[in-house]
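For reference, the structure discussed in these notes is given below.
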There are 2 protein chains.
Amino acid sequence: MAAKRARKHPVRETTIQDIAAHAGVSKATVSRVVNGVPTVAEDIAERVRASVAELGYTPSQTARSLSLGVSRTIGVLAPDLANPMFQQVLHGVHRAAAADGYRVLVADTLEDEAGETGAAQDIRNRTDALVLIAPRMTRPELLDLLPRVQPVAVVNRTTGRNAVVAQVDYAAGIQVLARHLVSLGHSRIAFLSGPEASRSNHERQHGLTAFREEHPGIEIMELAGGSSFEHGYDAWEAIRASGATAVIAFNDIVALGLLGRLDEEGVHVPEELSVTGFDDIPFSRFSAPPLTTMTVDLSGVGAAAWRELHAEMTGEERRDPVVFMPVLTVRGSTGPRA
Amino acid sequence: MAAKRARKHPVRETTIQDIAAHAGVSKATVSRVVNGVPTVAEDIAERVRASVAELGYTPSQTARSLSLGVSRTIGVLAPDLANPMFQQVLHGVHRAAAADGYRVLVADTLEDEAGETGAAQDIRNRTDALVLIAPRMTRPELLDLLPRVQPVAVVNRTTGRNAVVAQVDYAAGIQVLARHLVSLGHSRIAFLSGPEASRSNHERQHGLTAFREEHPGIEIMELAGGSSFEHGYDAWEAIRASGATAVIAFNDIVALGLLGRLDEEGVHVPEELSVTGFDDIPFSRFSAPPLTTMTVDLSGVGAAAWRELHAEMTGEERRDPVVFMPVLTVRGSTGPRA
DNA sequence: TTGAAAGCGCTAACAT
DNA sequence: ATGTTAGCGCTTTCAA
């Protein structure tokens with residue numbers, strides 16, 4: 001019986017109640033009209049629509065989400081939004097989710113690596129599902145987090161059956177690259193490795209280990225590296241010292257850095273040295289020479305993550321990881337051994 | 001007096017009510033503890049925290065948003081998430097907004113250009129504010145939309161005083177480029193224009209018009225173009241026919257396309273032809289030769305958009321557009337006239 | 001310091 | 001076909 005309590009915060013400009021009053025109907029009827037429920041007399045519906053137009057009403061999606069229990073919004077958490085690789089994945093997720101009428105909330109964890117699980121939770125608490133890209137998260141942390149943010153899709157990591165997974169087969173991909181080089185006659189190959197903590201780097205290493213066993217005559221030397229342009233640029237001395245005639249760079253960025261250095265040093269590619277990258281980032285086709293690399297459909301990975309997630313959300317029980325095979329794209333940076 | 005009505009939709013796993021019951025306190029107390037309100041006895045607070053931990057409770061941000069009237073989430077609407085330019089802006093917005101504790105919802109309008117205003121509204125209805133990047137929207141549409149999505153920041157368009165604005169001065173930028181070329185001795189310059197509908201292309205055209213007036217001895221020919229790699233690649237014949245000794249491409253992508261073609265045709269850059277781009281996308285420094293271009297701090301534009309928006313949201317009344325001046329970055333693709 | 005209850009803006013079950 | 005009302009899960013006022 002208490003009087004209406006005043007709220008402090010600025011209230012929404014026009015609500016369903018305003019429309020109801022203006023059109024002389026109940027909130028329920030307005031809701032029906034707005035949502036296209038057909039059981040409303042045409043003249044009433046028309047009146048409601050007129051009020052909506054006149055007052056410029058658009059429904060609060062927040063209220064709608066609370067009432068419905070779903071928001072038709074998903075979250076994407078990535079390590080670094082500035083990185084083209086994650087941008088591609090994001091784009092793929094977005095395109096696929098948008099097609100199903102879902103919005104996407106993004107966040108990265110660059111500034112706050114420690115708060116990764118907290119961020120995941122927070123995002124999940126505003127959305128219906130999560131796409132998680134967390135290459136550096138430890139496995140125990142990951143396995144602890146997953147049950148708390150279901151439904152969740154994980155990109156480029158294995159999770160047992162704790163989440164839907166979309167991933168790239170880096171181990172197989174790097175072997176394709178090695179095979180390509182060997183077929184060109186190279187038998188001393190340098191591998192410029194990536195960051196120590198990177199899971200995808202480990203996969204590449206495992207792939208190469210397998211390759212060595214199958215090809216005893218081929219020597220693949222691993223050189224410490226990283227993932228940046230500079231790492232490639234700076235690797236030249238080590239490569240020269242290794243006597244390799246071909247180099248497999250961790251990724252395209254590194255390869256491009258190396259290419260820049262080789263140009264400065266007057267080393268002809270591919271005549272004196274073959275160079276390969278990985279990822280096929282958009283500009284690898286424009287380098288001089290264009291880069292031979294493994295093309296990875298990152299946008300497809302993102303789309304697949306959504307597809308699997310969506311399937312899970314709609315009750316389907318399919319938790320087999322979808323794995324993407326990178327495909328070899330031969331361009332001008334590789335050639336026969338001198 | 002009616003019995004509790006059953007809801008159909010799956011209800012939230014653990015709610016504040018569950019914690020309250022488990023800890024033997026009221027919802028209000030749980031809310032206080034969770035939000036760090038200090039007026040709670042330490043032993044009670046401890047009990048609540050224990051329940052939270054035991055039941056794994058995290059508050060529904062949707063309910064919180066509805067109650068609070070704000071979501072601490074903003075929306076970013078861009079034409080195409082696959083485009084590195086918008087990705088950079090998005091990244092800038094995200095970084096800045098995240099620093100202030102805001103989440104960001106993204107969407108693009110590629111699939112549904114017509115629904116652009118609807119999408120803007122929808123996004124705005126789930127967020128506290130909007131960053132709008134809509135280079136192709138007509139001005140009437142834009143001016144009609146803005147009042148309905150306040151507070152809103154608009155990127156790279158003028159809006160009078162109807163919105164907060166962050167923009168790049170393309171007109172001034174292109175004149176810097178022209179001046180650079182003229183200082184190198186060029187007097188016949190081709191401008192590969194961008195898409196007809198693009199506002200930033202118009203600005204470039206205006207800039208060049210002004211330039212021509214100031215430099216009567218210089219001839220700047222406009223060649224129909226576009227914004228893609230192919231447009232640059234295909235422009236070669238027209239350029240050759242024009243007799244130009246230097247070309248200003250609409251942007252870096254176009255310039256890179258042209259560079260690729262020139263390489264194929266055996267035309268030496270910059271000895272036989274100087275080429276410039278615009279934007280300084282990440283890979284322009286790695287092309288052969290590296291591209292002379294105007295560096296645009298797109299991420300800074302995004303950050304500025306947020307900063308202005310945030311100021312507006314917190315009651316400050318500053319609506320002067322913040323304009324970014326591109327800066328000339330001279331690399332290897334330009335040189336003295338032959 | 002704590003609790004009861006109103007209210008945020010909507011949807012849907014139920015009654016008419 | 002339309003209205004009434006009980007929620008959705010929180011926050012906050014007010015009373016105790």
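Proteins come first, then strands; the chains are lettered A, B, ... in the order of their sequence lines, and each starts at number 1.
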Inset, instruction - Rounded to 10°, tell me the angle between the two end axes of the helix from dT1(C)-dA16(D) to dT16(C)-dA1(D), each built from five pairs. - result: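 The value is 40°.
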Below 4.0 angstrom from OP1 or OP2 of [N], is there any side-chain N or O of [X]?
X        : N      : value
Ser26(A) : dG3(D) : yes
Arg64(A) : dG9(C) : no
Thr29(A) : dG3(D) : yes

Legend entry - Donor-acceptor contact present, side-chain Asp128(A) to main-chain Ile74(A), <3.5 Å: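 No: the side chain of Asp128(A) does not pair with the backbone of Ile74(A).
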Inset, instruction - May I ask you to decide if Ala311(A)'s main-chain N or O and Thr314(A)'s side chain share a donor-acceptor pair within less than 3.5 Å? - result: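 Checked: pair present.
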Inset, instruction - Indicate the atoms forming the closest heavy-atom contact of Pro151(B) with Met313(B), along with that distance. - result: CG-CG, 3.7 Å
[X], nearest nucleotide to its side chain (from [options]):
X        : options                  : value
Ala28(B) : dG3(D), dG9(D), dG3(C)   : dG3(C)
Thr15(A) : dC10(C), dG3(D), dC10(D) : dC10(C)
Ala63(A) : dG9(D), dT12(D), dC10(C) : dC10(C)
Ser60(B) : dT11(C), dG9(D), dG3(D)  : dG9(D)
Ser31(B) : dC10(C), dT12(D), dG9(D) : dT12(D)
Pro59(A) : dT2(D), dG3(C), dC10(C)  : dC10(C)

Inset, instruction - Write out all pairs satisfying ring-ring contact (aromatic ring centres under 6.0 Å, His included) with one or both partners inside residues 102-125 of chain A, taking only residues at least two apart or from two chains. - result: Tyr102(A)-Trp306(A), Tyr102(A)-His310(A)
Whole Å only: how far is the [atom1] atom of [X] from the [atom2] atom of [N]?
X        : N       : atom1 : atom2 : value
Ile16(B) : dT12(D) : CD1   : P     : 11 Å
Gln61(B) : dG9(D)  : CD    : C1'   : 11 Å
Lys27(B) : dT2(C)  : NZ    : P     : 18 Å
Gln17(A) : dC10(C) : CD    : C1'   : 11 Å
Leu66(B) : dT11(C) : CG    : P     : 12 Å

Legend entry - SB check Glu141(A) Arg136(A) (cutoff 4.0 Å): no
Legend entry - Donor + acceptor pair across side chains of Thr73(B), Arg126(A) (<3.5 Å):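 On atom types as modelled, these side chains qualify, holding a pair under 3.5 Å.
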Legend entry - For Arg72(B), side chain to side chain donor-acceptor pair (under 3.5 Å) partners two or more places apart: none
Inset, instruction - Taking side chain to side chain donor-acceptor pair (under 3.5 Å) as the test, write out the residues that go with Asp320(B), two or more places apart. - result: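 Per chain and number, Asp320(B) pairs via side chain to side chain donor-acceptor pair (under 3.5 Å) with Arg161(B).
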Inset, instruction - Given side chain to side chain contact (heavy atoms under 4.5 Å, CB included), test Thr29(A) with Ser26(A) step by step and report yes or no. - result: CA-CA 5 Å; Thr29(A) 297; Ser26(A) 73; 3.4 Å; yes
Inset, instruction - Could you tell me whether the side chain of Ser67(B) has a donor or acceptor atom within less than 3.5 Å of a complementary atom in the base of dG7(C)? - result: yes
Tell me which donor-acceptor pairs under 3.5 Å the side chains of residues 79-87 of chain B have, and how far apart each pair is, sequence neighbours excluded?
unit_1, atom_1, unit_2, atom_2, d
Asp80(B), OD1, Ala82(B), N, 2.9
Asn83(B), OD1, Met85(B), N, 2.7
Gln87(B), NE2, Leu81(B), O, 2.8

Inset, instruction - Using a cut-off of strictly less than 4.0 Å between a heavy atom of the residue and any atom of DNA chain C, enumerate the qualifying residues of residues 32-54 of chain A by number. - result: Arg32(A), Asn35(A)
